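Data block below; observations after.
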Amino acid sequence: LVERMVGALGEENVVTLDTLNELGSELVNHGEYEEARKVYERCLAGREKVLGEDHKQTLGTVNNLGLVYHELKDYEKALEYYERALKGYEKTLGKTHPDTLMTVMNIANVYNDG
């Protein structure tokens, strides 16, 4: 289904990218973290190109990759993605925005688990 959408709309279409992000979320919900990682990385590459590195949706995918790496117990990689998301959220949304604060909590959880 996703490949049909990519064929019809293109890899760099925002609807395609939103669908990839949602697919990644569903894979996480089913514990399929390695597959989710691949989908999120594909989505991130497209969102960076189409929306830019500091766009809220791009940063959401960066944060989602942090979550996946956290679940895979690759704490170093999880922190890398969470810290990137935090830096972008602080820059674009401010330090008190809920997305920024959620990312701070995610970082704390990595330190707690790792």
Side-chain angles (χ1 to χ4, degrees):
L1 181 63
V2 172
E3 295 309 321
R4 275 195 215 161
M5 181 178 292
V6 170
L9 299 176
E11 185 80 31
E12 296 173 6
N13 181 284
V14 292
V15 173
T16 301
L17 297 171
D18 289 347
T19 302
L20 286 171
N21 197 67
E22 289 301 315
L23 176 59
S25 295
E26 284 302 311
L27 290 165
V28 165
N29 290 339
H30 289 92
E32 297 179 38
Y33 302 115
E34 190 55 40
E35 286 301 312
R37 181 192 62 77
K38 292 174 188 174
V39 170
Y40 281 142
E41 286 179 352
R42 184 176 174 185
C43 179
L44 180 60
R47 282 185 165 174
E48 287 174 332
K49 190 171 186 179
V50 173
L51 303 173
E53 291 185 3
D54 288 331
H55 189 279
K56 184 179 179 193
Q57 288 180 311
T58 303
L59 295 171
T61 303
V62 171
N63 192 68
N64 290 344
L65 275 161
L67 170 74
V68 166
Y69 281 109
H70 190 175
E71 291 296 334
L72 290 170
K73 300 190 183 340
D74 186 340
Y75 301 123
E76 186 175 323
K77 203 75 157 156
L79 285 172
E80 178 184 320
Y81 280 98
Y82 284 148
E83 288 170 359
R84 177 180 164 194
L86 179 62
K87 182 178 176 185
Y89 282 144
E90 287 178 340
K91 178 180 173 184
T92 59
L93 302 176
K95 292 185 178 195
T96 60
H97 189 278
D99 290 346
T100 305
L101 297 174
M102 181 64 74
T103 304
V104 170
M105 187 177 79
N106 290 342
I107 290 169
N109 286 336
V110 171
Y111 282 110
N112 187 51
D113 294 343

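Not measured: the values here are computed from a predicted model.
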Just wondering, do [Y] and [X] contact through their side chains at under 4.5 Å, heavy atoms?
{"X": "Gln57", "Y": "Asp18", "value": "yes"}
{"X": "Tyr33", "Y": "Val28", "value": "yes"}
{"X": "Thr16", "Y": "Glu12", "value": "no"}
{"X": "Glu90", "Y": "Leu86", "value": "yes"}
{"X": "Asn64", "Y": "Leu44", "value": "no"}
{"X": "Asn109", "Y": "Tyr82", "value": "no"}
{"X": "Tyr75", "Y": "Lys73", "value": "yes"}
{"X": "Leu72", "Y": "Lys77", "value": "no"}

Pairing of Asp54 and Arg84 as salt bridge, 4.0 angstrom limit: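 So Asp54 does not pair with Arg84 through a salt bridge.
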Under-4.0 Å salt bridge between Glu34 and Lys38: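 No salt bridge links Glu34 with Lys38.
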Minimum heavy-atom separation for [X] to [Y], with atom names?
{"X": "Gly24", "Y": "Ala36", "answer": "O-CB, 3.7 Å"}
{"X": "Ala78", "Y": "Gly66", "answer": "CB-O, 3.4 Å"}
{"X": "Thr100", "Y": "Gly94", "answer": "OG1-O, 2.7 Å"}
{"X": "Thr103", "Y": "Ala85", "answer": "CG2-CB, 4.1 Å"}

Reported [atom1]-to-[atom2] distance for the pair [X] and [Y], which is rounded to 0.5 angstrom:
{"X": "Leu51", "Y": "Lys56", "atom1": "CG", "atom2": "NZ", "answer": "13.0 Å"}
{"X": "Thr58", "Y": "Glu53", "atom1": "OG1", "atom2": "CD", "answer": "8.5 Å"}
{"X": "Ser25", "Y": "His30", "atom1": "OG", "atom2": "NE2", "answer": "12.0 Å"}
{"X": "Thr61", "Y": "His55", "atom1": "OG1", "atom2": "NE2", "answer": "10.5 Å"}

Heavy-atom neighbours of Glu76 CD exceed 12 at 6.0 Å: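 No - once you tally the heavy atoms of other residues, nucleotides and ligands closer than 6.0 Å, there are 12 at most.
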Residue pairs passing the salt bridge (Lys or Arg N to Asp or Glu O under 4.0 Å) test where at least one lies in residues 105-114, sequence neighbours excluded: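 Qualifying pairs: none.
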side-chain contact (heavy atoms from CB on, under 4.5 Å) between Asn106 and Leu67, worked out: CA-CA 8 Å; Asn106 290 342; Leu67 170 74; over 6 Å; no
Pair Asp99-Leu59, side-chain contact (heavy atoms from CB on, under 4.5 Å): steps then yes or no: CA-CA 9 Å; Asp99 290 346; Leu59 295 171; over 6 Å; no
hydrophobic_cluster_shared for Tyr40 and Val14, side chain cutoff 4.5 Å: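 No, Val14 does not connect to Tyr40 through the hydrophobic network.
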ILVMFWY network linking Val68 to Tyr111, side-chain heavy atoms under 4.5 angstrom: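 Same cluster.
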Tyr81 and Asn63: CA distance, side-chain angles, deciding distance, side-chain contact (heavy atoms from CB on, under 4.5 Å) verdict: CA-CA 6 Å; Tyr81 280 98; Asn63 192 68; over 6 Å; no
